[in-house]
Amino acid sequence: MVGDMSSDFKLDAVKGHDSEDPEVGSLNGVDTILPERRATTLSDRLFRGSRAGHGEIVSIPNEKRGHGSAKKSGPLLSGTAYCISSCSMILLNKVVLSSYNFNAGVSLMFYQNLISSVIVVLLGFSGVVTVEKLNWKLVRVWIPVNIIFIGMLVSGMYSLKYVNIAMVTILKNVTNILTAIGELYLFRKHQSQKVWTAMFLMIISAISSGITDISFDTLGYAWQISNCILTASYSLTLRRVMDEAKKYTRSGSLNEVSMVLLNNLLSLPFAAFLIIMFDEWEYIISVDVIKLPMFWVIATASGLLGLAISFTSMWFLHQTGPTTYSLVGSLNKIPISLAGLVLFKVPLSLPNLFSILFGLFAGIFFAKAKMSSSRPGF
């Protein structure tokens, strides 16, 4: 699941746009939804109580003993889980695509989405999560979003293969700018002067980082620019489609888990078609790397972590709020970028390093600017 793919896929599953860009490694595309609109069904279900009936939440009665410490440790635990799952998934995807030189990004996406679909279905059957029953009308409404979602994941996969993680992180900032412009023209949503200033800094950092990138790869940058356009399109389209999709559900709403299932399940036939069209299946059956057990361990782990980003982001958002979630998502890009530079021994010049750091702090400034222009969510 690349594209944040993910802080960031994962995801802000659609930004309305009060949170950070979808995670550079987010697979499910749920980290693109407006945090304020995230239903609490899953987080309540997992962390607060049990469901008594369809759509009903029964909270566990307050207990003075232990309740205070649990309340204090909740944000720390959920935030740590979110950051670890996000960082780990991006790094593992980079290992699969670059270190193993795996040249079948669509096939990797198919495998990861299959894992997510199976797990969500099993959780739904066991009653751990609530999943809307799929029907043809709902599927038909969702298909346009899903096509963009697939393009977002595939372009994210290939950009991560050819471009180092730090540069992918910086270039992903362009998604925020495209989304803000789209919201201005489509939804007449105006941003504050601070937000536009932050986005101007992001543009400067993206251009300067690209110019000073020693390992510049034209194909990789083309994939990343495509990914930014598709991610912004996904966010803007999802915002419109969600309201229409709700009309075709039994509960009259569409929770995040159902969206994860819709995106991943519907992507499978499209991905299979692309695998056949691009002759990836011939590559898969002949390449030696798939005979290595460790390759499958890493590919499977990255798929599991992609789904974990969806759950941990919802848990973290439930424990804190959209403001904290947004800021942590921005700060989380710093260790991801630095880890990517060190672990993959990226050739780096001093100007490029400064450009990357400038871009990271521009992202933090953007998150803080968004906070000041919206209600506090702590």
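Small disclaimer: the values here were computed from a predicted structure and weren't measured. Values below: all heavy atoms of this structure, side chains included; hydrogens, waters and symmetry mates excluded.
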Establish, yes or no, whether a centroid distance under 6.0 Å links the rings of F149 and W142.
no
Can you check side chain to side chain donor-acceptor pair (under 3.5 Å) on N227 and S159, steps first, answer last?
CA-CA 8 Å; N227 178 256; S159 68; 5.3 Å; no
Closest approach of T312 and A81, non-hydrogen atoms and distance?
CG2-CB, 3.8 Å
Which word best sums up how the rings of F316 and Y82 line up, parallel for under 30°, tilted for 30 to 60°, or perpendicular for over 60°?
parallel
Between F278 and Y283, ring centroids under 6.0 Å:
no
pair L307-I115: side-chain heavy atoms closer than 4.5 Å
no
I285 CD1 to I290 CD1 distance, which is reported to the nearest 0.5 Å:
8.5 Å
Ring geometry between W223 and Y158 (parallel below 30°, tilted from 30 to 60°, perpendicular above 60°)
parallel
Among V139, L262, L266, find the one that has a side chain to side chain contact (heavy atoms under 4.5 Å, CB included) with N146.
L266
If we ignore hydrogens and angles and just use 3.5 Å, is the side chain of S208 paired with the main-chain N or O of S205 as donor and acceptor?
yes
Euclidean distance, T169 OG1 relative to Q224 CD, rounded to 0.5 Å:
9.0 Å
Shortest non-hydrogen contact from S85 toward I309
OG-CG1, 3.8 Å
Minimal heavy-atom distance between E132 and S258, with the atoms involved, is N-OG, 2.9 Å
Check the surroundings of atom CZ in F187: do more than 12 heavy atoms from other residues, nucleotides or ligands lie under 6.0 Å from it?
yes
Is there side-chain contact between M109 and L274, with at least one heavy-atom pair below 4.5 Å?
no
Is I214 close to N352 at the side-chain level, that is, under 4.5 Å between some pair of heavy atoms?
no
Give me the atom names and distance for the closest heavy-atom approach of T249 to G252.
OG1-N, 3.1 Å
Identify whether W296 and L108 are in the same connected component of the hydrophobic contact network (ILVMFWY, side-chain heavy atoms under 4.5 Å).
yes
Residue pair S215 / N164: nearest heavy atoms and the distance that separates them:
OG-ND2, 3.7 Å
Here the gap from L134 atom CG to L265 atom CG, rounded to the nearest 0.5 Å, amounts to 6.5 Å
In Å and rounded to the nearest 0.5 Å, what is the CG to OG distance from L357 to S337?
9.0 Å
Check N93, T300, N264 against Q112 for a side chain to side chain donor-acceptor pair (under 3.5 Å) and give me the one that passes.
N93
